[in-house]
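In what follows, a single structure is set out as structure tokens and then discussed.
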Amino acid sequence: MLPAMTDDPFAQFKLTFFEECTELLTDMEQNLGLVESGSFDNETLHAIFRAVHSIKAGADAFSFKRMVAFTHRFEFLLDLLREEKLAVDEPLVDTLFKSFDVLSDLVSFAQNGEEPDAEYGQDALAAIEGYLSGDVGSQPAAEATTDKPVVEEKTDQAVVETADVQSKEEGINHFRIEFTPKEAMYRHANEPLLIIRELMELGEITTTIDTERLPELAKLEPEDAYFSWVFELKTRYGRDDVDEVFEFVIDDCDLTIVTLGDDNEVVSVDVSPGHAGDDDDDFGFFVDDEALKSGVVDANPKPVEEVVAETKPAEVKAPAAAPAATTPAAPTGPTAKAAMPKSASIRVDVDRVDRLVNMVGELVITQSMLAQEVNNSAMDQSSNVTNGMEELSMHIRELQENVMSIRMQPVKSVFARMPRIVRDVSKKVGKKVKLITEGETTEVDKTVIEELADPLTHMIRNSLDHGLETPEERLAAGKGEEGTIRLSAEHRGGRIVIEITDDGRGINREKVLSLAKEKGVVAEDASLSDEEIDNLIFAPGFSTADEVTDLSGRGVGMDVVRRNIQALGGRVSVTSTPGVGARFQLTLPLTLAVLDGMIVGASDEKYVIPINNIIETVRPPSSDVETLIDGNKVIRIRGEYIRVVSVARMFGDVNASNDPSKGLVVLVEADGGKVIGLHVDMLAGQQQVVIKSLETNYRAVKGIASATILGDGSVCLILDIDALARMEVPKIKKPELMADSFVPKQTEQTEMPSAEHLEAVTA
Amino acid sequence: MTNSQDTSAREVKLPRELDLLAAESLKETLLAELDEGEGLLLDASDVERVSTPCIEVLVSAQKTCVATSQSFQISNSSQVLVDAFSALGLDEQFKGWRTIQ
């Protein structure tokens, strides 16, 4: 059903739709959380409704029928809710969350081009139907409204009921709608058929078409609009709902909506001229009106999969500039939209931003090369050139910061998922928990955000499962029944720090230590500090749960969390006070596009060591250097032996000195807290470097994470500390030092990219 | 309403997709047929997608047929087409053009 993305002329629109869905679902989840906690108002309910409505509109455009059918019913439920015809109680909240889950899944299914089982989501649908039929939960005053009049929507497989709207009942509104599309309406990808079908959903409709304007075929402009309509609509819905049907086309038509009384006398007239109103609903799926138009209009040669799909996106788009047709007279509309803050944002392809980031990276490099040239030339320091260079450098730095900030997003999108997890897990383990989130607006690079969700989820689960006590235990310990988990984010020293604090029992050090010994994580006779014991929970293959629960014990231990975080250039640590609670702290770089590095020299090469990994740098006296049987060196620092890796030898310089006491040893922390020493000749200084992929430009090299270009134009390799810690130091006598580790068999190339090669690929 | 079937009219099969982008070519096809002066006999069995612009082309073609005393008939209408005519309020007109096998 779903055409392959590559052949699909609407792939781009779909992509945008799914992005929009993700955002809408995130917001929706957060708002549902508010509903659950009871701290919601009408606007919260409207926001949830709008989210579902927007998803429905988009789903309809792309013919995701299951999604349309489901959102259709979900909308009715939310409608009852926002009209205060349902009481918010736990079963209702459950239904809302269940429906939310189904909707999220349906979106994922659609995104992956999969079709869910026919059974899928039926339980949620059944729960919704229960409310809609009035069997469950309706407020006493509202029995008339649970029975919504619905006319079958052609693409809609949902259960359809047709209420007896003929009989004059209370709450039936009668509208006369005069709808005259402007000439260009179709070209703007607006389709009257869709509008009419939406109206049909609202109630009983009589349609009168006027084809007078239609010329004979030879004079017809096929993409112009000539028809106009008068609809008479009897509906239980209010004026707002009718307006909503037209909200996306208001610019493209003349619209008059008349509210008729019982005897068809005019109660109120509302003429909506075709100009943009000030609707603040941000349904916009699409940024670029022009691009969209041209995309649709110019798409002639493309096979069109879905007529409807073609037309709807623009409808969905329009609200950016579109309208609330309503002015005052909405006598029955119970739901005047509260003002939402208008967000002046545009949607930009990440690729474009990445290209921009790269370009600015190049600019930074070029600038520093120029600066070096100027410095090397015997130019007067006060000359215009020198001054200009300084100014240029300043502007470029600013430019870089600003470009980087484009990719920054608030952590809210990740944090918003957590209340849900806490809710589900706390129910499962029978603990009472309050989740407090702070600093949701803290911004971090998009790439980092994407990688953050899993570790955070796991850590929150871990805190809930292991950290917090049961209500009984808490009472016994003199604490409140309800535990607290605090999730916070803040910027600190150019990094983002995320903390997860719980007021549970803290880490059971005795148990951790004995388990660690049992599992051979530490030696039997090891004596460890409290802090070291606490951090053992991050050791590979470690689990302190007496029995593996299905929450934390999913085969994903805290070691995986640590590994994930470290892969992002971050660190994770824990501090715990027995009986009082534990605090997990994640620190992450704000971006993965630049890196703070220490430039070191080894032999004639320069390398970058990520500052983040560096613990300290020492120049060991020869008395502290020991040689192992295999020729490798260890140094003794404060009573501990640390393996030393000669960077120069590691990368092939067999003649390099192997004596750490003659150089410097940079102590770095690798995966799993393992410390190694990197033997280098000198430290050349600290610098922020733009990361260039080695895989993309050359090929992956073991021990090297990526490359950068220094101010003098030379390529400099960024060391992969974790890989280095695991790598064997090549045997001294062997000329083909690294052969087994990273030279592809099919090539005779030397292991390291030659300087010429790197210049070529990065030029 | 031109309802009598002109036996000499060639049957034109309407495409599967009658979307906005198809409107122009539909117009050209129908114009060419109209130039033959033998009426329009359209087979709508394949139609799976319909848009208002294409309906406009069809209705305009029908008007032109009336004006030039040619016949206009749509046979084998797919449900999608029937529904679209109905939704747009063209039920009555459509009944007059429709031949049901």
Side-chain angles (χ1 to χ4, degrees), chain A residues 9 63 151-155 179 181 185-200 205-232 296-311 314, chain B residues 1 12 14-35 39-40 42 47-70 72 78-94 97:
Chain A
S63 291
V151 176
E152 180 161 11
E153 185 190 15
K154 299 295 178 283
T155 57
F179 171 50
M185 182 168 137
Y186 306 157
R187 279 198 296 275
H188 294 170
N190 285 314
E191 171 55 72
L193 269 172
L194 295 172
I195 294 166
I196 296 172
R197 284 181 180 146
E198 262 188 72
L199 280 178
M200 288 163 86
I205 184 173
T206 320
T207 306
T208 314
I209 186 167
D210 180 0
T211 61
E212 271 311 301
R213 290 195 296 164
L214 197 67
E216 60 173 280
L217 193 55
K219 290 181 183 156
L220 179 97
E221 279 299 327
E223 294 183 358
D224 280 2
Y226 298 97
F227 289 162
S228 60
W229 291 268
V230 177
F231 307 106
E232 301 229 349
V296 172
V297 177
D298 297 339
N300 277 314
K302 295 179 189 163
V304 176
E305 297 292 337
E306 290 154 46
V307 176
V308 186
E310 174 234 324
T311 55
Chain B
M1 200 124 328
V12 177
L14 294 179
R16 196 166 64 93
E17 308 275 1
L18 285 181
D19 58 359
L20 175 71
L21 305 180
E24 180 71 48
S25 70
L26 179 66
K27 175 192 162 186
E28 297 307 323
T29 311
L30 298 186
L31 262 187
E33 286 299 316
L34 282 174
D35 279 350
L40 287 178
L42 308 176
V47 176
E48 287 177 14
R49 304 266 183 207
V50 191
S51 66
T52 309
C54 282
I55 301 273
E56 284 191 345
V57 172
L58 291 175
V59 176
S60 169
Q62 187 273 336
K63 270 193 173 181
T64 312
C65 283
V66 173
T68 56
S69 304
Q70 299 187 49
F72 179 86
S78 65
Q79 192 58 43
V80 172
L81 190 65
V82 176
D83 290 342
F85 271 110
S86 165
L88 292 175
L90 286 161
D91 256 338
E92 287 307 310
Q93 292 91 323
F94 185 54
W97 314 328

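This structure is a prediction, so every number in the text was calculated from the model and none was measured.
Below 30°, between 30° and 60°, or above 60°: for Trp97(B) and Phe72(B) the angle between ring planes is above 60°, a perpendicular geometry. Aromatic ring orientation, Phe231(A) versus Trp229(A): parallel (interplanar angle below 30°, classes split at 30° and 60°).
Proximity to chain B involves both the backbone and the side chain of Leu193(A), based on heavy atoms less than 4.5 angstrom apart. Residue contact with chain B, scored on non-hydrogen atoms closer than 4.5 Å, is absent for Thr208(A). If you measure heavy-atom distances from Ala87(B) to chain A, the contacts under 4.5 Å come from both the backbone and the side chain. Leu26(B) does not touch chain A: none of its heavy atoms, backbone or side chain, sits under 4.5 Å away.
The two residues Pro181(A) and Ala225(A) make their nearest non-hydrogen contact at CB-CB, 3.9 Å. Across every non-hydrogen atom of Pro15(B) and Val47(B), the tightest pair is O-CG2, 3.5 Å.
Residues Thr211(A) and Lys63(B) are in side-chain contact: their nearest non-hydrogen atoms beyond the backbone lie under 4.5 Å apart.
Contact count against chain A (heavy-atom pairs under 4.5 Å) is highest for Glu56(B) among Glu56(B), Lys27(B), Glu24(B). Of the listed residues (Leu220(A), Leu217(A), Thr207(A), Leu199(A)), the one with the most heavy-atom contacts under 4.5 Å to chain B is Leu217(A).
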